[in-house]
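As a basis for the values below, the full set of heavy atoms in this structure was taken, side chains included, without hydrogen atoms, waters or symmetry mates. Residue numbers begin at 1 in each chain, while the letters A, B, ... track the order of the sequences.
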Amino acid sequence: MEYNLIVNQEKKSIDAVISDQNIKVQTKSKAYNASFMTISDYHILLNVDGQNFNAYVWNDGGTKTVIIKGRSYEVLDADLVEQNSSGEKSFASNARVVASPMPAVVICVLAQVGDRVKKGQGLVIVSAMKMETTLFAPFDGTISGINAKEGDKVMPADILVDIEKD
Amino acid sequence: MEYNLIVNQEKKSIDAVISDQNIKVQTKSKAYNASFMTISDYHILLNVDGQNFNAYVWNDGGTKTVIIKGRSYEVLDADLVEQNSSGEKSFASNARVVASPMPAVVICVLAQVGDRVKKGQGLVIVSAMKMETTLFAPFDGTISGINAKEGDKVMPADILVDIEKD
Amino acid sequence: MFDKILIANRGEIALRVINTCRDMGIKTVAVYSDADQKAGHVIFSDEAIYLGPSEPSLSYLNMDGIIAAAKQTQAQAIHPGYGFLSENHEFAQRCRDEGIVFIGPTAEVIRNLGDKITSRKIMVAGGVPVTPGLIHCETEMIALMDAAEKIGYPVLVKATAGGGGKGIRIVNSPEEIGEAVASASREALKAFGNGEVYIEKFFSKARHIEFQILADKHGNTIHLFERECSIQRRHQKIIEETPSLALTPELRHKMGAAAVKAAKASHYENAGTVEFLLDEGNHFYFLEINTRLQVEHPITEMTTGVDLVKHQIEIAAGKKLGLRQKDIQPRGHAIECRIYAEDPEHDFLPSPGKIRFMKEPTGPGIRNDCGVYQGFEVPVDYDPILSKLVVHAQTRDQAVSKMIKALQDYIVLGVKTPIEFMMDVLNSRPFRNSEVFTDFIETHFSGWKADRDLADVAMIAFIADALGGARTNAHSYSSAKETASPWDTLGNWKL
Amino acid sequence: MFDKILIANRGEIALRVINTCRDMGIKTVAVYSDADQKAGHVIFSDEAIYLGPSEPSLSYLNMDGIIAAAKQTQAQAIHPGYGFLSENHEFAQRCRDEGIVFIGPTAEVIRNLGDKITSRKIMVAGGVPVTPGLIHCETEMIALMDAAEKIGYPVLVKATAGGGGKGIRIVNSPEEIGEAVASASREALKAFGNGEVYIEKFFSKARHIEFQILADKHGNTIHLFERECSIQRRHQKIIEETPSLALTPELRHKMGAAAVKAAKASHYENAGTVEFLLDEGNHFYFLEINTRLQVEHPITEMTTGVDLVKHQIEIAAGKKLGLRQKDIQPRGHAIECRIYAEDPEHDFLPSPGKIRFMKEPTGPGIRNDCGVYQGFEVPVDYDPILSKLVVHAQTRDQAVSKMIKALQDYIVLGVKTPIEFMMDVLNSRPFRNSEVFTDFIETHFSGWKADRDLADVAMIAFIADALGGARTNAHSYSSAKETASPWDTLGNWKL
């Protein structure tokens, strides 16, 4: 069976033959002989070509965070991503808006609708966990909408400022 | 609501009035005002009259093992026990048989059917976790059945020797 | 000795204090806010008193509420931890007025040393060298720019009441000074209730070396040697170690003596930390005295075998310090890594949220002072520290190896952490060579991305997880009340 | 130095060794039996090789299989842990013949010291005092009874190859000697492959004091001070501490010197333990040298700051001991409690089964060398040790308090443990006063029942749990493959 996966933003195709607890994997350049054991809800012991690897896996709505030897990998199924994103706004549209990179509280809005702004100009100051962060204009443009005011609690998906690109 | 509980083999009746996360409890001699919070699958934080108690609870088929401040309590519902045991052999019948106190392997059977045995006489030697234990006759009597042989793996519920009491 | 102590703090440091209180047979009272109803310090105290909403000013900075909680529970003393009210002289005074022992220095000492200007004056008078800069506050932009010009850029804008990396800004040119002052002042006002600032010289190539001190009410003052705290991000320490490889025995002795002198000059009592900058020419400058327990105090505990919190409590109770200077014989090497909920690949932005899975490292020589647990929601409202991971070994090399192993074994799913980043820092040649200065992260790890060489194994794990069936849907067993969002309990979120 | 080490053991000690190997950058190979497919040492090694069925003779005592595993994985050395093949001279010889380094003394030394009779002869010749008794084996019942009469009852029947509390019986009168010999002999034969026995004087009022030694291949031998191991059940230590309050500095010095003398007399190398009995008149008698790492070695590591496993590996690799006697300066007080799966209310009977929930204690000065985890099935086939809980503090009183706290925080659901029992022992007046002799448990805790004073709170917990709804059915999410019985994977059980 072919898997089209995205590992840390990079597309990778691998072929896996599965029988019971054994997985034979073929990537572009390498072949692996693996088996696995479930240790607990989030912990899988992998044996890959005779070497032990402890993988800790959290499945967050399709994207799996996998920690191996202290390093974390974000792995998702590329085919599923394509299905889901067809018909939706592409990610590129994010470039036209300003959003908070984290759950935060709005400290101060530095611009208003209709303002002409330059790339790098501070638009909103947010605060999370006692740290202030300034959100900047990603390009020159005109502000077409502001959806946040001082004291608002905002999430990463929230669009705080819309900018019409020049 | 009245609860008839058995705590470490001792019957206790308490009255509990429950509303949401609050429990008002009345025992024979004391009244308590309690609330609780679920911390994880096995961990409850109790507040009893303003004092914190961390209770770790495992429900093993009706008998709950509760650990508080490092001490463990076996708690079960007396009413349920009565329902279940009605019609069954009473616990007292155990006194007529010899069983292993733990999962174990039979090392040696020291008696045979028809033997007259005295209280305290060794009947079976079992071994678990590298330790040998001798099972003794609980009273004088005649052996009416032997249900174990060397090498058998046995469980606590298994009756290894039946004795007809004198 | 006290029967009961209230801990006016939260998270890992509150649990750290609870730990020693339990060792000493002292009952503990926790206080908490809305966001912390299920926090570790609430769970593992003997009593927990609700203070108010999550905003610090309404909870952990709420003096009235905390004093009332102490009275209600008949706590005889208050341990302030670090941050929040720990260096607030009004609070120390308030405790005294109410007949409650404040576990720390007197209000006067805190006021004098908490004000960076006053403390600089005391040290200058006491003959302890201080960093070049103003010894008065300044709000006039022109005067600030004049002073900066005189000291020479880069300079630091510092809140006189600042600390813990807050209320501090580097200024490289006159153009930046205005926004830096405004932002440092605002941050300090919010965190410490005082927005006054001044400026001092910024040493881009310096080490941050601090000395732990203990002083009782009877005039006995000792130091417990140094901590090297040069690895910082956003002016906040993230990796600390002791001993410092930069100190010769002579320099160590000289700085230790200066630390004791600084403590005596300020009539210090209880545990404290004298911070020095050490420049490339091995000149040291007094920076400040932190009048509280330091986040990084465990590395001193590991090498000296001394429980600092125990001594804090004993000193506050009026006991004589049982230790003399010659009793303090450090052994081996200790390192601390601060594990925050943050994303080192994105400028260390905070990463609050629910901890889905957590596995703490254990083993000989490993200590993890942890404030959170699997299932806990790391709130957005406070400093995102999850735990302090500390190791101790016979030599520095062994300690570094042990820390890397411990980091590999520290699994946190649900929030981002700097674990990988720390591994790479510890493995780097400059760190191995102890070429650590306060610009270490900017110089060597700017724009850092994790080197993830086991992508193939990660894909195999992805497949194995998919084959695991029911197991991977483990969180589906949660009751309907529980939801995936960390926000639904937090009230009026704009969603 | 070795690149890769095979650990011919299981459970907590295998993990203990893996820990130090990882600190040293050495790869590890685990071996395992059917019962241990998901054991901690299998999970956390770099490679794991299957040996065979659960019976020790077919797995952990299977020399051919272990040697083959080392060859297959190209491990250059084998660490035997304690128990199993650790004191088997044939195995040490076999390793040498196969070109694999055995991490321990030479085969000759193990053979000499493993035979209690030979070792008694060596010590007598070397001027080290031994316990009164036979210095030859005896199978003739009449000769044994004669000797017993001469020494005076009570006597001990001891397997010459015994150890770890196995193959040893107290005999109070001539009538008991027959069954005692048979049972000790059978137990020893099964555990060590040798059923020979002898007898020696049993001191009912004695302390068990042992000294840790380290000796390299270059003639350097040091001791790392004593461990007090008097608290025993079924002749197996369960609580150990260091230092011993029974030793004056003079006696400590004398016994330390005797330990080094014993090591040199036997041409000892690597880590070992010289065991002494100390009677009420402060006379000490050589008991035996344990030619391996001891279960209780961590308390010595805590007070001396020395990683004994690291030195074992370095010595085996031919390195010179970097430590001199004067480098060993113990600090503070350390205590170990052995946490077994056993029921102290029922004669410490083993309690195998699945660990449903486990929470390890953590905090400053706490170390838990643990071989199991939540979800693991403790097998019936091996010694039921779950972990060694160790604490370290500045004084004995503080260490005792810290241990009691740690025990309170150690939660194990699914199997029984002696945690409550340990709490009561540590809290008892004779323990607090250090009135500890090898008969401590029989004298003070015979027929012990837990004092459970929070029954009312337990009932409230019962009700709260019932109100918790879905949560309490947590295990119902387990996949259908998983069952409640620990036995269904074990083959031909009679059920």
Side-chain angles (χ1 to χ4, degrees), chain B residues 3 5 7-8 10 12 14 16 18 21 23 25 27 30 32 34-36 38 40-44 46 48 53-61 64-73 75-77 101-105 107 125 127-134 147-148 152-155 158, chain D residues 166 183 186-187 190-191 234 341-343 346-347 349-353 356-357 359 379-384 404 407-414 416 419-420 423 450-465 467-468 471-475 484 486-487 490 492-495:
Chain B
Y3 283 84
L5 301 179
V7 185
N8 295 336
E10 200 181 324
K12 288 175 186 256
I14 60 169
I18 296 154
Q21 303 271 297
I23 309 173
V25 167
T27 71
K30 280 186 192 167
Y32 299 96
S35 63
F36 72 95
T38 299
S40 73
D41 289 346
Y42 296 86
H43 181 183
I44 299 169
L46 299 174
V48 181
F53 293 93
N54 286 283
Y56 299 87
V57 184
W58 174 43
N59 187 348
D60 184 19
K64 292 183 186 177
T65 304
V66 180
I67 299 183
I68 297 169
K69 289 194 188 291
R71 303 206 175 271
S72 68
Y73 303 81
V75 188
L76 61 162
D77 192 320
M102 61 203 169
V105 177
I107 295 296
I125 301 176
S127 169
M129 288 165 149
K130 318 279 320 145
M131 193 188 100
E132 288 187 6
T133 303
T134 303
N147 317 305
D152 280 355
K153 297 180 179 185
V154 295
M155 293 289 289
D158 299 345
Chain D
K166 296 198 176 69
S183 133
R186 186 172 51 233
E187 200 172 281
K190 203 173 159 204
R234 289 202 310 267
E342 66 182 17
D343 183 356
H346 294 96
D347 205 21
L349 287 177
S351 171
R356 299 290 167 170
F357 177 80
K359 184 170 179 289
V380 72
D381 310 271
Y382 311 110
D383 226 41
I404 291 171
L407 288 166
Q408 281 183 354
D409 290 352
Y410 200 160
I411 315 297
V412 182
L413 289 168
K416 292 191 184 296
I419 286 172
E420 291 182 74
M423 281 165 46
D451 168 29
R452 300 188 172 102
D453 54 352
L454 293 172
D456 288 355
V457 180
M459 289 192 287
I460 297 171
F462 180 95
I463 297 168
D465 186 70
L467 297 174
R471 190 193 53 72
T472 56
N473 299 316
H475 33 291
W487 306 113
L490 291 178
N492 60 332
W493 285 98
K494 171 179 178 268
L495 285 170

Practice prompt. Please examine the side chains of B/Ile23 and D/Leu467, heavy atoms only from C-beta on, and report whether any two atoms are closer than 4.5 Å.
Written response: yes
Discussion item. As an exercise: rank B/Val48, B/Leu46, B/Val25, B/Val7 by heavy-atom pairs under 4.5 Å with chain D and give me the winner.
Written reply: B/Leu46
Worksheet item: Checking heavy atoms, do the side chain of D/Met423, its backbone, both or neither come under 4.5 Å from chain B?
Response: side chain
Worksheet item: Would you say B/Arg71 and D/Leu454 make side-chain contact, with heavy atoms under 4.5 Å?
Response: no
Worksheet item: Any side-chain heavy atom of D/Lys166 sitting closer than 4.5 Å to one from D/Lys190?
Response: no
Response to the item:
If one checks every heavy atom of D/Asp453 against chain B at 4.5 Å, the contacting part turns out to be both
Worksheet entry | Side chains of B/Thr27 and B/Tyr32 in contact at under 4.5 Å (non-hydrogen atoms) | yes
Practice prompt. Answer with side chain, backbone, both or neither: which region of B/Thr65 has an atom nearer than 4.5 Å to a non-hydrogen atom of chain D?
Written response: both
Worksheet item: Where does B/Val75 contact chain D at under 4.5 Å (heavy atoms): side chain, backbone, both or neither?
Response: both
Worksheet item: At a heavy-atom separation under 4.5 Å, does B/Tyr56 approach chain D through its side chain, its backbone, both, or neither?
Response: both
Worksheet entry | Under 4.5 Å from a heavy atom of chain D, the part of B/Ser35 involved | neither
Worksheet item: Can you check whether B/Ser72's main-chain N or O pairs, donor with acceptor, with D/Glu420's side chain at less than 3.5 Å?
Response: yes
Worksheet item: When only pairs under 4.5 Å are counted, which of B/Ile14, B/Val66, B/Leu5 shares the most heavy-atom pairs with chain D?
Response: B/Leu5
Worksheet item: Which region of B/Asn54, side chain (C-beta onward) or backbone (N, CA, C, O), has a non-hydrogen atom less than 4.5 Å from a non-hydrogen atom of chain D, or is it both or neither?
Response: neither
Worksheet item: Considering only heavy atoms, which portion of B/Leu76 lies under 4.5 Å from any heavy atom of chain D: side chain, backbone, both, or neither?
Response: backbone
